[in-house]
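Written out below as structure tokens is the structure these notes cover.
First the proteins, then the strands, lettered A, B, ... as listed; each starts at 1.
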Amino acid sequence: MSMTKLTCNSLTKSYANNRVLNDVSADIAKGELVTLLGPSGCGKTTLLRAIAGLSMADTGSILLDGADITHTPIHRRNIGMVFQSHALFPHMSVTDNVAFGLRMQGIQVDERRNRVGDALALVRLNGFENRMPHELSGGQQQRVAIARAIAINPSVLLLDEPFGALDRKLRETLQVELRQLTKNLSMTAIFVTHDQEEALVLSDRIAVMNGGVIQQIGSPAEVFERPANQFVADFMGFENMFPATVVSQSNGTVRLTSRGLQVEAINDCNAVSGEVKIGLRSERIKFSDGSGTDADGANRLPGRVTTASYRGDRWVYAVDTSVGVFSVKGSADAKAKCVGQPVLLSWERAAVRVFGS
Amino acid sequence: MKTLNAIVIVLLCTFILAPTVVIALTSFGAGEILEFPPRGWTLRWYGYAIAKPEFQQAAWNSLWIAVVTMLISAPLAVLASMSLVRGRIPGRELIQTILLAPLVVPSIVIGLSILLASARFDLPLVEARLLIAHVLITLPYLVRTVTSSLVRLDPVAEEAARVLGADSFRTFWFVTLPALRPGIIAGMIFAFIISFDNVSISLFLASAKTNTLPLSLMSYIEYNLDPSVAAVSTLLILMALAAAIALERLAGLRRTLGG
């Protein structure tokens, strides 16, 4: 199953003095859906375009199905690609758009018609065969673009922020559909996005990129729960980050101080020492009643609520403490805290992540 | 305010259409000379003009010159627009200005300079120098319309075609060129009309062999002032009108002219 489909070997690319890809290597297994996640300018689109052949890496190589395609012209790579601006051919009907790749491959009319029908069925657009692109909604246009890309039965499907221009609800529907589609076809896919939620929903693995480097690659849960470094933590929504100093380490437990506060953390990756950063996700912090019945009472901190904002499914509080301002999530059904109210924050040791600086 | 607006618009349209209407009416005049309003009505000047060998020969000259001009200008304009819009060439603004310059330079000056240059370089064919001049003055219109079609095409569509297996030629043929079609058609019709109607340049460069219809009308008027010139003019106006309608139908006139 985990046969390697696509390999990127130390790809490097610079524009003028700006290094947009810096020694990027990755293996992608057959049937896997990998997202390249990162802020704009992190190199994710450049990497995707290098795989498609739309831009050339300065050094490094790309292997597809074991064959070196680094210097293969774009039109001989057999790759499906979906762009953010759907990039449909405006003068062609839906059918002609989807059939374009098959036509370029010289496939006969009858088979072409069948395969266009199949591809449109996969994106649930039967009955739209004769429409023109401008007669379709944004979501339908993007579905046609997906059908057009998969109709040629590509070795790998590349998607460059395809849902970026769509509204939230439609985006969520299409994310689920795309995931099902690629799984049913066991199609290898690489998806570029800057939206961490989208990456979590879609991916088998997420590659978080910054500064032309893959910062971490792993399953959504891994990247979400155990970010490898500060950048990934910040990008995956670790709202609470504070400087701390390591005091001692034993049996996988790290003791630290942060502005006078004693903090315990479980360190399951690498040894840390000296000046570090600690990160805490806002939903992992609880309000304690001070009775000492918390699951793991090691970490406690008194504070005062400075702002409270209602988000429908939850409350988000800012709590001022001796260490700094904490962002804390409270459930919507619990009695809301008031601004100015003194509270006691507590969290499990396992919730604290330690990042070497 | 509304009535004032309406009055201005009606006056403006009258002002624009009046000469055309006057010419059309006089072409049906029964008298021996051009007069307005005509004393009686007849169609005989049409018959007379159409049967006249000078006009026939001149009309044929104008026609083939306009067609060939249009067919030379169109591909040149496509190539020019492609490199102006898609290419990364230095001095793009300057080249664009130069390409559009014939719109600004008085065409008499262009005619005169091509005459002088063709004499100096001993250009053998009078047809050639006439065609070069006509291509020169029609090119700006085509570049303008083709460019405006090209900027409307998302360059990502071309990339999509490449990824889908089209080499650069097939990408151009199947994706770029069809997108340019409205601009090319509109520009070609403009080029045809501009070339067909041109007097100032042909005046310098045409010979007895390549006498064009507008020129032959001019020389005819010098000695004769009968309604046959009005008949020919009316036919020319109808032709231009037909072209404009075709333009609207095929491409959407407003869309093609819009920047």
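- Heavy-atom minimum distance, Ala179(B) versus His91(A): N-ND1, 4.4 Å.
- Between chain B and the options Ala145(A), Ser85(A), Pro90(A), the largest number of non-hydrogen pairs under 4.5 Å is found for Ser85(A).
- Under the 6.0 Å distance and 45° angle rule, Arg170(B) does not count as a cation-pi partner of Phe100(A).
- For Asp154(B), the part lying near chain A is the side chain, with the backbone staying farther off; criterion is any non-hydrogen pair under 4.5 Å.
- No part of Leu158(A) comes within reach of chain B, as not one of its non-hydrogen atoms sits under 4.5 angstrom from that chain.
- With a 4.5 Å cut-off on non-hydrogen atoms, Ile79(A) touches chain B through its backbone and its side chain both.
- Here the CE atom belonging to Met104(A) is positioned 9.0 Å from the CG atom belonging to Leu164(B), to the nearest 0.5 angstrom.
- Counting heavy atoms of neighbouring residues, nucleotides and ligands inside a 6.0 Å radius, atom CZ of Arg76(A) does not exceed 12 of them.
- Across all their heavy atoms, Val156(B) and Ala87(A) have their closest contact at CG1-CB, 3.5 Å.
- In this structure, chain B has a heavy atom under 4.5 Å from the side chain of Arg49(A), while its backbone stays farther away.
- The CZ atom of Phe89(A) sits 7.5 Å away from the OG1 atom of Thr171(B) when rounded to the nearest 0.5 Å.
- Annotation: Trp64(B), atom CH2; neighbour count of heavy atoms from other residues, nucleotides and ligands within 6.0 Å is above 12.
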Evaluation steps, side chain to side chain contact (heavy atoms under 4.5 Å, CB included), between Phe174(B) and Asp96(A)
CA-CA 11 Å; Phe174(B) 289 115; Asp96(A) 290 344; over 6 Å; no

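- Proximity to chain B is limited to the side chain of Ile152(A), based on heavy atoms less than 4.5 angstrom apart.
- Contact between Arg148(A) and Ala160(B) at its shortest, heavy atoms only, is NH2-CB, 3.4 Å.
- Residue His134(A) qualifies as enclosed at atom NE2: its count of foreign heavy atoms under 6.0 Å is above 12.
- Glu159(B) CD to Asp160(A) CG: the interatomic distance, rounded to the nearest 0.5 Å, is 9.5 Å.
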